[in-house]
There are 2 protein chains.
Amino acid sequence: MKYTTIIDIAQALGISKSTVSRALRGDKQNVSKETRERILAMAKKMGYTRNELAVNLRKQSTRTIGIVVPEMLTPFYMNFITYAQQELNRQGYRVTLAQSHENPNAELANLQMFEDYRVEGILISVCHTEKNLATYQRIMKKGIPMVFFDRTLSSLPISKVKIDDYLKSFFLVEQMIRRGKRRIVHLAGPDYIQNSQERKRGYRDALEKFHLPYCPEYVIDAGVDFSGGEQAVEQLLKQHIAFDALFCFTEMSALGAKSNLQKHGVQIPDEVAIACISGTDLCVLVHPSITAVEQPVKQMAEEASRLIVQKVEHPELPDKTIILEAETIYREST
Amino acid sequence: MKYTTIIDIAQALGISKSTVSRALRGDKQNVSKETRERILAMAKKMGYTRNELAVNLRKQSTRTIGIVVPEMLTPFYMNFITYAQQELNRQGYRVTLAQSHENPNAELANLQMFEDYRVEGILISVCHTEKNLATYQRIMKKGIPMVFFDRTLSSLPISKVKIDDYLKSFFLVEQMIRRGKRRIVHLAGPDYIQNSQERKRGYRDALEKFHLPYCPEYVIDAGVDFSGGEQAVEQLLKQHIAFDALFCFTEMSALGAKSNLQKHGVQIPDEVAIACISGTDLCVLVHPSITAVEQPVKQMAEEASRLIVQKVEHPELPDKTIILEAETIYREST
DNA sequence: TTGAAAGCGCTAACAT
DNA sequence: ATGTTAGCGCTTTCAA
């Protein structure tokens, strides 16, 4: 399969490739209307499509932003990507996507690939607090702009867009306590995600504020997904740990927990209340009794996009951290 | 920001760029172990990353497959993408993604972009039966391999991977009838999606088999998303159309319908049974009473990937249509 | 208004 | 084992 090139067009018309290039790029100044039309017609006839590889190589610019996310199964990251894509397209950038599947090695490979393809900026939600620190720093030092979003890293002086996980966590737990819950179990996320650590702090401090005891066995590592939530509940029941509320790290683990509780015949929310900090309204949609603090995914995407574009176009400007107000949703128990 | 090139390395070492290129590409035959090591060390020291743009241009090959999907919000397409990516990577191909947002113009732009970037094959689930027919044909004629999946087009002689929507639809409706449902409403998808048309046929024929009347007002255009399902139910209730079962086109419209029914105090599934053909277990997860025929997304992704690779590497081979057996799931009403 | 020529970073055929 | 050279498709000075 052979693509038509500007040389083919030039030859077919008996003119130089420079003129063809100019016409095709829409340069109205330096090519007569007549030849312009002949060129456009011939290009169409020959099925010409400009080779972006060659253009990018020549121009030494791709106008492409790479986005790395831990996963794309929950709507949160997909929404982020969609909004970011919109905003970045509006600003004249293209987007290429990569998922790390929660695996630092895959994340590394993706970042490497972005470098190889000369993306001009990177938006990333990291999958591990430490594992790829050196790589992030290497990329920064190389001068490739990066912006962290959602799962950020406090240890790195890079622009970030996030919510205040500590505060939101504190808030949610406080709500549960005010509603009379006393034995609140935290289905926590893994420690290698910083948001998880901050939510643990929020959980702990909220208990403290109300002089409730902090029991280590009430904090269970439930991972990030559906089955993590199921297993955590399984464990709780097996160990006969009494509880009247669950505060989950992700919406998926909340759903998993819910599902398993129902399987065991536990009434929700009469006996147990469930809450999580959610990227979308999935939880609410699925089960209105789950209380959620909703992350402002659209704003997050737009802020992150604006930040990365700014950084690409004005590398000299200082880094910025944006903390977004998450919307708190209260649902009446049904 | 200036990237290190093989010329930089060659100069730093006082050798030719060909040797550097060879060493960096892992050619052990034609470069002495000693210089090889010097080159690798220097490359690392200077932070070299190969410019894939240049490589692709020079080699006239990108080893990249483009995937176009209507949306990425439902897990079905995301699962497809993930599995396809795995399989294609295994075969030495990269993947680039685009979503049409159910918009034929966006789909067109995405296909155009894929051409510009010289993808070597395209996997697509179309968003409209007719709108972009000419483009698909143009691409085919140009010799760019394409494989259709899930939402395919019977009118085009291109390789496809799909389920038998007619059969599965027939089957599902038959089940409802056998369970005593008589007034089955079909929240149908739009006619510009072929799968939707075939499911309508299946619905109709199943009724006929059991000598049940076909009422046009029982077939409602509910679109593809959550709000479509909500609105369809709203309309049913407002018009006082009696029904005891809903057969929905998508899992999202099933969820929307369910949500609105609950809002109006209708018991599910005591009064109304809901069924859909689902790409994932989302429905089941959300509401175990929803009956679903599960699409074999993993196989679909793997077959489609294999087909496209085969077509890229052996363009002379004939087109193929693969119809996958969808797994039928019965859930007991809870 | 047009053309000639250089070059983006890399590979590969052909010398040496 | 290494170097020289041509060229992938395009843009962009510089000349004409």
Side-chain angles (χ1 to χ4, degrees), chain A residues 1-40 42-43 46-64 113-120 142, chain B residues 1-40 42-43 46-64 113-120 142:
Chain A
M1 199 190 54
K2 164 84 174 95
Y3 282 94
T4 304
T5 72
I6 54 170
I7 300 188
D8 298 331
I9 297 177
Q11 281 173 347
L13 253 38
I15 56 179
S16 83
K17 65 175 180 177
S18 326
T19 309
V20 176
S21 170
R22 279 190 273 259
L24 257 23
R25 305 211 50 253
D27 185 338
K28 309 221 177 192
Q29 307 267 344
N30 300 306
V31 51
S32 75
K33 197 183 162 206
E34 191 207 5
T35 45
R36 212 175 71 87
E37 279 162 5
R38 283 175 61 216
I39 290 169
L40 260 39
M42 181 57 81
M46 299 178 74
Y48 172 82
T49 47
R50 117 182 322 120
N51 187 329
E52 286 290 338
L53 268 49
V55 174
N56 288 342
L57 177 61
R58 172 60 233 239
K59 287 212 201 154
Q60 292 287 78
S61 132
T62 58
R63 286 194 81 80
T64 298
M113 202 200 67
F114 281 168
E115 257 188 279
D116 293 347
Y117 281 95
R118 301 300 189 254
V119 302
E120 300 190 351
K142 240 189 163 173
Chain B
M1 199 189 55
K2 165 84 173 94
Y3 282 93
T4 305
T5 72
I6 54 169
I7 301 188
D8 298 331
I9 297 176
Q11 281 174 348
L13 254 37
I15 57 178
S16 84
K17 64 175 181 175
S18 332
T19 308
V20 176
S21 170
R22 279 191 274 260
L24 256 23
R25 307 206 45 254
D27 185 338
K28 310 222 177 194
Q29 306 269 346
N30 300 305
V31 51
S32 76
K33 197 183 161 206
E34 191 208 6
T35 46
R36 212 175 72 86
E37 279 162 4
R38 283 175 61 216
I39 290 169
L40 261 39
M42 181 57 82
M46 299 178 75
Y48 172 82
T49 47
R50 118 185 317 127
N51 187 329
E52 285 291 338
L53 267 49
V55 173
N56 287 342
L57 177 61
R58 172 61 235 240
K59 286 211 200 154
Q60 293 287 77
S61 132
T62 58
R63 286 193 82 78
T64 298
M113 202 200 68
F114 280 168
E115 257 188 280
D116 293 347
Y117 280 95
R118 302 298 189 256
V119 302
E120 301 191 351
K142 241 188 162 172

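Note that the structure is a prediction, hence the values are computed from the model and not measured.
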Examine [N]: is either OP1 or OP2 under 4.0 Å from a nitrogen or oxygen in the side chain of [X]? Give yes or no.
X	N	answer
A/Tyr3	D/dC10	no
A/Thr35	C/dT2	yes
A/Tyr117	C/dG9	no
B/Ser16	D/dG3	yes

Between B/Thr64 and B/Val119 (side chain of the first, backbone of the second, donor and acceptor by atom type, cut-off under 3.5 Å), is there such a pair? no
Using a 3.5 Å distance criterion without hydrogens, assess whether the side chain of A/Asn56 forms a donor-acceptor pair with backbone atoms of A/Leu53. no
Please report, rounded to the nearest Å, how far the [atom2] atom of [N] is from the [atom1] atom of [X].
X	N	atom1	atom2	result
B/Leu53	C/dC8	CG	C1'	10 Å
A/Lys17	D/dG7	NZ	P	11 Å
A/Asp116	C/dG9	CG	P	15 Å
B/Gln60	C/dA12	CD	P	12 Å
B/Lys59	D/dC8	NZ	P	17 Å
B/Ile7	D/dG3	CD1	P	14 Å
A/Glu52	D/dC8	CD	P	19 Å
B/Leu13	D/dA1	CG	C1'	15 Å

Below 4.0 angstrom, which residues in residues 25-33 of chain B have at least one non-hydrogen atom near DNA chain D? B/Gln29, B/Asn30, B/Val31, B/Ser32
Taking it one step at a time, do A/Ile6 and A/Leu24 satisfy side chain to side chain contact (heavy atoms under 4.5 Å, CB included)? CA-CA 9 Å; A/Ile6 54 170; A/Leu24 257 23; 3.8 Å; yes
With rounding to the nearest 0.5 angstrom, report the CZ to CG distance, B/Arg50 to A/Asp116. 7.0 Å
With no angle test and no hydrogens, is the base of D/dG9 tied to the side chain of B/Arg118 by a donor-acceptor pair under 3.5 Å? no
Ignoring hydrogens and geometry beyond distance, is the side chain of A/Thr19 in donor-acceptor contact with the base of C/dT1 at under 3.5 Å? no
Check this for me: does any side-chain nitrogen of one of A/Glu115 and A/Lys142 sit under 4.0 Å from a carboxylate oxygen of the other? yes
From C-beta outward on A/Ser18, which listed nucleotide comes closest to its side chain: D/dT12, D/dG9, C/dC10? D/dT12
Is it true that, when you exclude A/Lys28 itself, more than 12 heavy atoms of the residues, nucleotides or ligands shown sit nearer than 6.0 Å to its NZ? no
Evaluate the criterion side chain to side chain contact (heavy atoms under 4.5 Å, CB included) for residue pair A/Met42 and A/Ile39; output intermediate values, then yes/no. CA-CA 5 Å; A/Met42 181 57 81; A/Ile39 290 169; 5.8 Å; no
B/Leu57 or B/Gly14, whichever maps to the more 5' nucleotide of DNA chain D: B/Gly14
Counting the atoms with a prime plus P, OP1 and OP2 as sugar-phosphate, which does B/Thr5 contact under 4.0 Å by heavy atoms, base, sugar-phosphate, or nothing? sugar-phosphate
